[in-house]
There are 2 protein chains.
Amino acid sequence: MAKDPNTIYVGNKPPMNYVMAVITGFNMSDAEEVTLKARGRAISTAVDVAEIVRNRFFKDAKVHSISIGTEEITPREGGNPRNVSTMEINLRK
Amino acid sequence: MAKDPNTIYVGNKPPMNYVMAVITGFNMSDAEEVTLKARGRAISTAVDVAEIVRNRFFKDAKVHSISIGTEEITPREGGNPRNVSTMEINLRK
């Protein structure tokens, strides 16, 4: 995965961890945009993160675009590949 | 909640229940669009539903728009209101 500080991969940690990452992303090099990426159950967390950022920290930030998709995941322990939903939320201030 | 057959409220049931509702919505009165609404953890399920519909059932269906928001929920048993994230996915064919 890319080390772009303006792309934040949302996983199973509490939302505030990712909120801090978004704030850092916006402040670093005065970035105008930050993208949240999430898969599966973490999609709800990504929406929470975007909403917390917009409502509490960067009130001028806007949701510029949201896209959804599907990725095929092959389990590490073998077995059939299965589909998992993905989401990207692009925030701009 | 409105009884509009083209608005589907996604909750905690398995995704295929809602996929069936979307298919019914598209077929009833030859509707051109169906909107999925979800809150909290069900947001991930709503994305799964949209992806399953697009990939397996209506390959010509497009995600027309996705919006996110926040609602304040007051617990029925009392206590402090808390915020919950919401999402709407508008599908068109």
Side-chain angles (χ1 to χ4, degrees), chain A residues 8-19 21-22 33-74 80-93, chain B residues 8-19 21-22 33-74 80-93:
Chain A
I8 290 147
Y9 293 89
V10 176
N12 301 321
K13 292 178 191 159
M16 287 311 286
N17 292 39
Y18 306 106
V19 169
V22 173
E33 61 176 305
V34 169
T35 301
L36 294 164
K37 294 191 182 191
R39 293 199 293 213
R41 293 291 112 190
I43 285 174
S44 328
T45 309
V47 175
D48 291 341
V49 171
E51 286 297 300
I52 293 168
V53 167
R54 284 204 309 144
N55 292 327
R56 290 199 227 157
F57 296 99
F58 288 98
K59 294 203 191 268
D60 50 345
K62 301 257 181 303
V63 175
H64 177 257
S65 63
I66 302 175
S67 62
I68 62 176
T70 302
E71 269 179 35
E72 202 173 78
I73 303 278
T74 308
N80 291 328
R82 58 193 190 77
N83 290 328
V84 64
S85 298
T86 62
M87 181 158 77
E88 286 192 31
I89 303 175
N90 182 255
L91 292 172
R92 299 200 180 174
K93 63 163 182 166
Chain B
I8 290 147
Y9 293 88
V10 176
N12 301 320
K13 292 177 191 159
M16 288 310 287
N17 292 41
Y18 305 107
V19 169
V22 173
E33 61 177 304
V34 169
T35 301
L36 294 164
K37 295 191 181 191
R39 292 199 294 211
R41 294 291 111 188
I43 286 173
S44 322
T45 309
V47 175
D48 291 341
V49 172
E51 285 301 294
I52 292 168
V53 167
R54 285 204 308 145
N55 292 327
R56 290 200 228 156
F57 295 98
F58 289 97
K59 294 202 192 266
D60 51 344
K62 302 257 181 301
V63 175
H64 177 257
S65 64
I66 303 176
S67 61
I68 62 176
T70 302
E71 270 179 35
E72 202 173 77
I73 303 279
T74 308
N80 291 327
R82 57 193 192 77
N83 290 328
V84 64
S85 299
T86 62
M87 183 158 77
E88 286 192 31
I89 304 175
N90 183 256
L91 292 172
R92 298 199 182 176
K93 63 163 185 169

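Numbers restart at 1 for each chain; the letters A, B, ... are given by sequence-line order, proteins then strands.
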- Item | A:M87 vs A:I66 side-chain heavy atoms within contact, under 4.5 Å | yes
- If contact means a heavy atom pair closer than 4.5 Å, which residues of residues 55-65 of chain B contact chain A? B:N55, B:V63
- Task: Nearest 0.5 Å please: distance from the CD1 atom of B:I8 over to the OG1 atom of B:T35.
- Result: 8.5 Å
- Examine distances only and state if a side-chain atom of B:Y9 and a backbone atom of B:R39 form a donor-acceptor pair shorter than 3.5 Å. no
- Task: Pull out the residues in residues 42-51 of chain A that come under 4.5 Å of chain B, heavy atom to heavy atom, sorted by number.
- Result: A:I43, A:S44, A:T45, A:V47, A:D48, A:A50, A:E51
- Message: Does any part of the side chain of A:R92, heavy atoms only, come nearer than 4.5 Å to the side chain of A:N90, both counted from C-beta?
- Response: yes
- What are the two closest non-hydrogen atoms of A:Y18 and A:V10, and how far apart are they? CE2-CA, 3.8 Å
- Message: Show the nearest heavy-atom pair for residues B:P81 and B:T74, with the distance to one decimal.
- Response: CB-OG1, 3.9 Å
- State the CD-OG1 distance between A:E72 and A:T70, to the nearest 0.5 angstrom. 10.0 Å
- If you measure from CD1 on A:I68 to CD on A:E88, what distance do you get to the nearest 0.5 Å? 12.0 Å
